[in-house]
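None of the values given here were measured: they were computed from a predicted structure. Start at 1 and go down the list; that is how both ligands and their atoms are numbered.
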Amino acid sequence: MIKKATFVISNTDYKKCPAPVMPEFAFIGRSNVGKSSLVNMLTNNKNLAKTSGKPGKTQLINHFLINDNWYLVDLPGYGFAKVSKSIQSTWEKMISDYLIHRENLVAVCVLIDSRLDPQKIDLEFITWCGEQEIPFVLIFTKSDKQGKTKTGANVRKFLDACFEIFGDEPQYYVTSAQTGDGKEPFLEFIADEVKEYYDSQK
Ligand code: GTP
Ligand code: MG
C-alpha cells in the first residue's frame, strides 16, 4: 500500500540525486507509453507526475519518495523521433549514466505498450540492460485499450522475443493507469524487493 508519496527533486545528473540510502525503482520506456501516468495510478494522485498526450513530456530524472521508505523514479522516454539528435543523445547519456551508476537501483521497470507487437527499440533497450547486468521487469501498459485476448497475444509475442535474446522470460506485470488493473501484483513485487533490500543491509 502506498500511504504517502511526495515529489523530491528533478535532476539531469545522477550525482545530484537524493543520497542512495533507500531502495529505488525507475520507470523507463518509449515516450508516451504511460510512465508518468503509472506513477500517478500507483500513488492515487493524478497530479503527482506530469503527463501529456504529447510525447516528450518528462525530460528529467524525477524522484518521488514513497512511504518514507523507497524511491520511485520517473524518467524521460526513449525513441521520441521529434527531438533533435543532440537532445536525444543528451537524454540517452543522462539516462544511461543514471542506470549504470545508481547504486540503490533495485530494478528498472521497462514499460511496454500492450497494444503493439514487439518494438525493436524496446528489445534493444532490454538487451542493453542485460549487457550492463541491470535487473529489469516488464510492465505492459494501457491494457484497457483492447480486449484481454489481444493484450495476452501481444504479451506472449514480447516474452517470446525475450526468450530469443536471453533464453529466459523476464518477470512482467500487465497494467492500466486508467482502470488500476495490475496495481496490486506490481506493488507486491516492490514490497518484496524493498524488504529484501533492507534485510540484506542488516
Ligand atoms: P513521456 O514523459 O513523454 O516519456 O511519456 P510518458 O511515458 O510519461 O506517458 P504519459 O504518462 O504522459 O502518458 C501518455 C498518454 O497516454 C497520456 O495521454 C495518458 O493519458 C495516456 N495513458 C497513459 N497510460 C494509460 C492507460 O493505462 N490507459 C489509457 N487509456 N491511456 C493511458
Ligand atoms: Mg512522462
Are any non-hydrogen side-chain atoms of Thr90 and Gln59 less than 4.5 angstrom apart? no
When distances are taken from atom 27 (O) of ligand 1, the protein heavy atom at minimum range is Ala177 N, 2.7 Å
Identify, by atom number and element, the atoms of ligand 1 in contact range of Ser176, meaning under 4.0 Å from any of its heavy atoms. 27 (O)
Protein contact of atom 4 (O) of ligand 1 - nearest heavy atom, named by residue and atom, plus distance: Lys35 NZ, 2.8 Å
Exam field: side chain Ser10 to backbone Ile61, donor-acceptor pair closer than 3.5 Å: no
As an exercise, identify every atom of ligand 1 less than 4.0 angstrom from a heavy atom of Ser36. 8 (O), 11 (O)
Which of the atoms in ligand 1, numbered in the order shown and given with their element, are less than 4.0 Å from a heavy-atom of Gln178? 26 (C), 27 (O), 28 (N), 29 (C), 30 (N)
If every non-hydrogen atom of Pro185 is compared with every non-hydrogen atom of Tyr173, which pair is closest and at what distance? O-CE2, 3.6 Å
With a 4.0 Å heavy-atom cut-off (strictly under), which part of Met41 contacts ligand 1: side chain, backbone, both or neither? neither
If you measure only the distance, is there a donor-acceptor pair under 3.5 Å linking the side chains of Arg30 and Asn32? no
Which is closest to atom 26 (C) of ligand 1 by heavy-atom distance: Thr175, Ile28, Asp144, Asp113? Asp144
Out of all atoms in ligand 1, which are within 4.0 Å of some heavy atom of Val33? Include the element for each. 7 (O)
Look at Ser37 and state whether any of its N, O or S atoms is less than 2.8 Å from the Mg ion (ligand 2). no
Option of least heavy-atom distance to atom 10 (P) of ligand 1 (set: Ser31, Ser37, Ser143, Pro55): Ser37
For the pair Asn104 (side chain) and Trp70 (backbone), establish whether a donor and an acceptor sit closer than 3.5 Å, ignoring hydrogens and angles. no
Thr141 touching ligand 1 at heavy-atom level, < 4.0 angstrom: no
Any sub-3.5 Å donor-acceptor pair from Thr175's side-chain atoms to Phe140's backbone N or O? yes
Within 6.0 angstrom of Lys157 NZ, more than 12 heavy atoms from elsewhere: yes
Without swapping roles, check the side chain of Asn67 against the backbone of Lys4 for a donor-acceptor pair under 3.5 Å. yes
In terms of ring plane angle, is the pair Phe25 and Phe189 parallel, tilted or perpendicular, where the classes change at 30° and 60°? perpendicular
What residue and heavy atom of the protein are closest to atom 9 (O) of ligand 1, and at what distance? Gly34 N, 3.2 Å
Only to 10 degrees, please: what angle do the OG atom of Ser36 and the OG1 atom of Thr58 make about the Mg ion (ligand 2)? 90°
Identify, for atom 5 (O) of ligand 1, the protein heavy atom at the shortest distance, and state residue, atom and that distance. Asn32 N, 3.0 Å
Below 3.5 Å, N or O to N or O, backbone or side chain included: is there any such pair between Ser52 and ligand 1? yes
Taking 2.8 Å as the cut-off, does Ser31 contribute an N, O or S atom near the Mg ion (ligand 2), distance below it? no
Among non-hydrogen protein atoms, atom 31 (N) of ligand 1 lies closest to Lys145 CE, 4.0 Å
Please report which non-hydrogen protein atom sits nearest to atom 3 (O) of ligand 1, along with the residue it belongs to and the distance in Å to one decimal place. Gly56 N, 2.6 Å
Suppose we measure from atom 18 (O) of ligand 1 to each protein heavy atom; which comes out shortest, and what is that distance? Gly53 CA, 3.5 Å
May I ask you to decide if the ring planes of Phe136 and Phe166 are parallel, tilted or perpendicular, using 30° and 60° as cut-offs? tilted
Do Thr179 and Asp144 have a side chain donor and acceptor closer than 3.5 Å? no
Please report whether ligand 1 has a polar contact with Gly77, defined as an N or O pair separated by less than 3.5 Å (distance criterion only). yes
So which heavy atom in the protein is nearest atom 21 (C) of ligand 1, and how far is it from that ligand atom? Lys142 NZ, 4.0 Å
For the CD atom on Glu133, are there more than 12 heavy atoms of other groups (residues, nucleotides or ligands in this structure) within a distance under 6.0 Å? no
Salt bridge or not for Asp199 and Lys202, using N-O below 4.0 Å? yes
